[in-house]
Protein chains: 2
Amino acid sequence: MAATEARGNTRELVLDAALASFGTAGYDGTSLDDLAAGLGIRKQTILYHFVSKRRLLDAVVDRCAGELVAALERALAQSRAGDSGDWERVEAMVREVFRLALDQPVLLGLLREVSRPNSPGAVRVRSHLEPLMARARRWMEDEMAAGRMRRTDAQLLLLSAYSTVVGVATEIEVLRAAGVGPTLRPVVQRRGELLRFLRRSLDPAART
Amino acid sequence: MAATEARGNTRELVLDAALASFGTAGYDGTSLDDLAAGLGIRKQTILYHFVSKRRLLDAVVDRCAGELVAALERALAQSRAGDSGDWERVEAMVREVFRLALDQPVLLGLLREVSRPNSPGAVRVRSHLEPLMARARRWMEDEMAAGRMRRTDAQLLLLSAYSTVVGVATEIEVLRAAGVGPTLRPVVQRRGELLRFLRRSLDPAART
DNA sequence: CAGCCTCCTTACCAGATGGTAGAGAGTAGG
DNA sequence: CCTACTCTCTACCATCTGGTAAGGAGGCTG
């Protein structure tokens, strides 16, 4: 018992620290001992809550994916409220994702770590993202069929957008490594590029 | 003595395997034992040639950086031979880098691994890239001063281009993870985006 | 042959890692 | 008061890690 504050939220604190560590040091580069030491607790406390390191990663991924889904759901609901066109809806989603990423840069770190081919978290992330992707894809294909969207390869477009977001993570880190200070501008630029790319690909009213 | 083929090139074989493993499994995720086992040799043979795991990574990075520099030097020489304008020269360099990346996708894996914040190889890569970047930056700033290039933040532009290349690495992996087959098209697309971006930023003759 | 050098090996180790077993402390309910 | 449950701890372990020490086999040179 730490006797300090933080009574029942050890679990959450561990998740926070794990998210940060997995995102920066990577899964292999994160040791439970170090993680615990950073929190002033013992490694076994972590294992009590999460059973194994692997499951801890899963829990971190689950929580983050939950936040992402919630954010997207919110953006979708809002853009549905106003009778927006397809393009406005797409833009709202993209902006929401970037907002989430800028609010919590650690999320990007995890995303990048987990996008690595042999990452233990990759399958878990996939299981969360796949339904989202499939849903988005179906929607896009319906809109295309209805002539409200320009015809294009929906899956490839979605994956490209996804990679762009992951790429933002690396860009932020590259910039920080190079000693460039506030990283807002390039991120906003990437967002602009992505939006332009999507618009060009999807919006029937956009110039080719 | 393996008694098989491969006499004096054990060193190169180790470098090849290490490049692949560092690029996919990461530095921490690569064990010397596994690396050696994959080559049918003993871990100590690796250590004989490279002294330590860290130095092995350095050697891998050095070799890759050497290839990159050579490729860029070649592209530069060629574009100097013809009396190309600035923009043609920039384009030649970009195309050369992408060509190298497509020829040897493993290079991208390493680049991504080593672009991670706390990566042991990060400093080594920086020491290779910094002179290149500084040189490019000086050149660009000269051209800007002479009015042959549009004025912009040279460093930010270079870092952005760099991130784009690293981003290509993640994109390829994302696509492969999603089961999308030949990854040529999206890569070419990224190259096109980068070239367009650079042209817009640099070429005085380009449309805004 | 002797000596040296290169290359790869076996033998071994200290430290870190993820994980197990079980006890202690606090709290709630009967 | 006793029991049961939750949470954290100490103690311990098997395994894997990068790394050291030393030896053997082959080739070159004196």
Side-chain angles (χ1 to χ4, degrees), chain A residues 1-61 113-114 118-124, chain B residues 1-61 113-114 118-124:
Chain A
M1 165 91 37
T4 58
E5 22 66 89
R7 282 280 282 280
N9 55 354
T10 301
R11 204 189 145 89
E12 292 301 312
L13 291 176
V14 171
L15 280 176
D16 289 340
L19 169 58
S21 183
F22 286 149
T24 56
Y27 181 76
D28 292 312
T30 296
S31 96
L32 294 183
D33 279 305
D34 292 353
L35 209 54
L39 290 167
I41 61 177
R42 251 35 68 195
K43 161 179 57 173
Q44 284 69 14
T45 303
I46 296 179
L47 286 171
Y48 167 76
H49 285 287
F50 299 98
V51 182
S52 76
K53 187 185 182 183
R54 179 59 205 273
R55 302 271 290 266
L56 171 60
L57 175 61
D58 286 346
V60 171
V61 168
E113 163 67 17
V114 102
N118 298 331
S119 163
V123 286
R124 193 82 175 187
Chain B
M1 166 87 39
T4 59
E5 23 64 270
R7 283 282 281 277
N9 55 353
T10 301
R11 203 188 145 90
E12 292 300 313
L13 291 177
V14 171
L15 279 177
D16 289 340
L19 169 58
S21 182
F22 287 149
T24 55
Y27 181 76
D28 291 313
T30 296
S31 96
L32 294 183
D33 280 306
D34 292 353
L35 209 55
L39 290 167
I41 60 176
R42 252 34 69 194
K43 162 179 56 172
Q44 284 69 14
T45 304
I46 298 179
L47 287 171
Y48 167 77
H49 286 287
F50 300 98
V51 182
S52 74
K53 187 185 182 184
R54 181 59 204 272
R55 303 272 290 264
L56 171 60
L57 175 62
D58 287 345
V60 171
V61 168
E113 163 67 16
V114 101
N118 298 331
S119 163
V123 287
R124 193 82 175 187

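Note that the structure is a prediction, hence the values are computed from the model and not measured. A note on names: the letters A, B, ... follow the listed sequences, proteins ahead of strands, and every chain is numbered from 1.
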message: What is the separation between atom CG on Asn9(B) and atom P on dT6(C), rounded to the nearest whole Å?
response: 18 Å
message: Just the rounded figure in Å: distance from C1' of dT10(C) to CD1 of Ile41(B).
response: 15 Å
query: Thr10(B) side chain N/O closer than 4.0 Å to the phosphate oxygens (OP1, OP2) of dC7(C)?
result: no
- line: Phe50(B) CZ to dG18(D) P, in whole Å, measures 15 Å
- request: Establish, with yes or no, whether the OP1 or OP2 oxygen of dC7(D) is under 4.0 angstrom from a side-chain nitrogen or oxygen of Thr45(A).
  value: no
task: Keeping to residues at least two apart or across chains, list the ring pair (Phe, Tyr, Trp, His ring centres under 6.0 Å) pairs with something in residues 37-57 of chain A.
output: none
statement: Shortest non-hydrogen pair, Ala18(A) vs Val60(A), comes out as CB-CG2, 3.7 Å
message: Just N and O in the side chain of Tyr48(B): are any of them under 4.0 Å from OP1 or OP2 of dC7(C)?
response: yes
Enumerate donor-acceptor pairs with a distance under 3.5 Å from any side-chain N or O in residues 30-41 of chain A to protein atoms, sequence neighbours excluded.
unit_1: Thr30(A); atom_1: OG1; unit_2: Ser21(A); atom_2: O; d: 3.4
unit_1: Thr30(A); atom_1: OG1; unit_2: Ser21(A); atom_2: OG; d: 2.8
unit_1: Thr30(A); atom_1: OG1; unit_2: Gly26(A); atom_2: O; d: 2.7
unit_1: Ser31(A); atom_1: OG; unit_2: Asp33(A); atom_2: N; d: 3.4
unit_1: Ser31(A); atom_1: OG; unit_2: Asp34(A); atom_2: N; d: 3.0
unit_1: Ser31(A); atom_1: OG; unit_2: Asp34(A); atom_2: OD1; d: 3.4
unit_1: Ser31(A); atom_1: OG; unit_2: Asp34(A); atom_2: OD2; d: 3.4
unit_1: Asp33(A); atom_1: OD2; unit_2: Lys43(A); atom_2: NZ; d: 3.4

Identify each atom pair where a protein N or O and an N or O of nucleotides 17-19 of chain C are less than 3.5 Å apart, giving names and distance.
unit_1: dG18(C); atom_1: OP1; unit_2: Thr30(A); atom_2: O; d: 3.2
unit_1: dG18(C); atom_1: OP1; unit_2: Lys53(A); atom_2: NZ; d: 2.8
unit_1: dG18(C); atom_1: OP2; unit_2: Leu32(A); atom_2: N; d: 2.9
unit_1: dG18(C); atom_1: N7; unit_2: Lys43(A); atom_2: NZ; d: 2.9
unit_1: dG19(C); atom_1: OP2; unit_2: Lys53(A); atom_2: N; d: 2.7
unit_1: dG19(C); atom_1: O6; unit_2: Lys43(A); atom_2: NZ; d: 3.2
unit_1: dG19(C); atom_1: O6; unit_2: Gln44(A); atom_2: NE2; d: 3.0

- request: Could you tell me the separation between the CZ atom of Arg11(A) and the P atom of dT8(D), rounded to a whole number of Å?
  value: 11 Å
task: Sequence neighbours left out, what pairs pass salt bridge (Lys or Arg N to Asp or Glu O under 4.0 Å) with at least one residue falling in residues 20-31 of chain A?
output: none
task: Just jot down the side chain to side chain contact (heavy atoms under 4.5 Å, CB included) partners of Arg54(B), sequence neighbours excluded, or say none.
output: Tyr27(B), Ser52(B), Asp58(B), Pro120(B), Val123(B)
Any His49(B) side-chain nitrogen or oxygen under 4.0 Å from OP1 or OP2 of dT6(C): no
field: Phosphate OP1/OP2 of dC9(D): any Arg42(A) side-chain N/O under 4.0 Å
entry: yes
message: Restricting to side chain to side chain contact (heavy atoms under 4.5 Å, CB included), what partner residues turn up for Ala122(B), sequence neighbours left out?
response: Ser119(B)
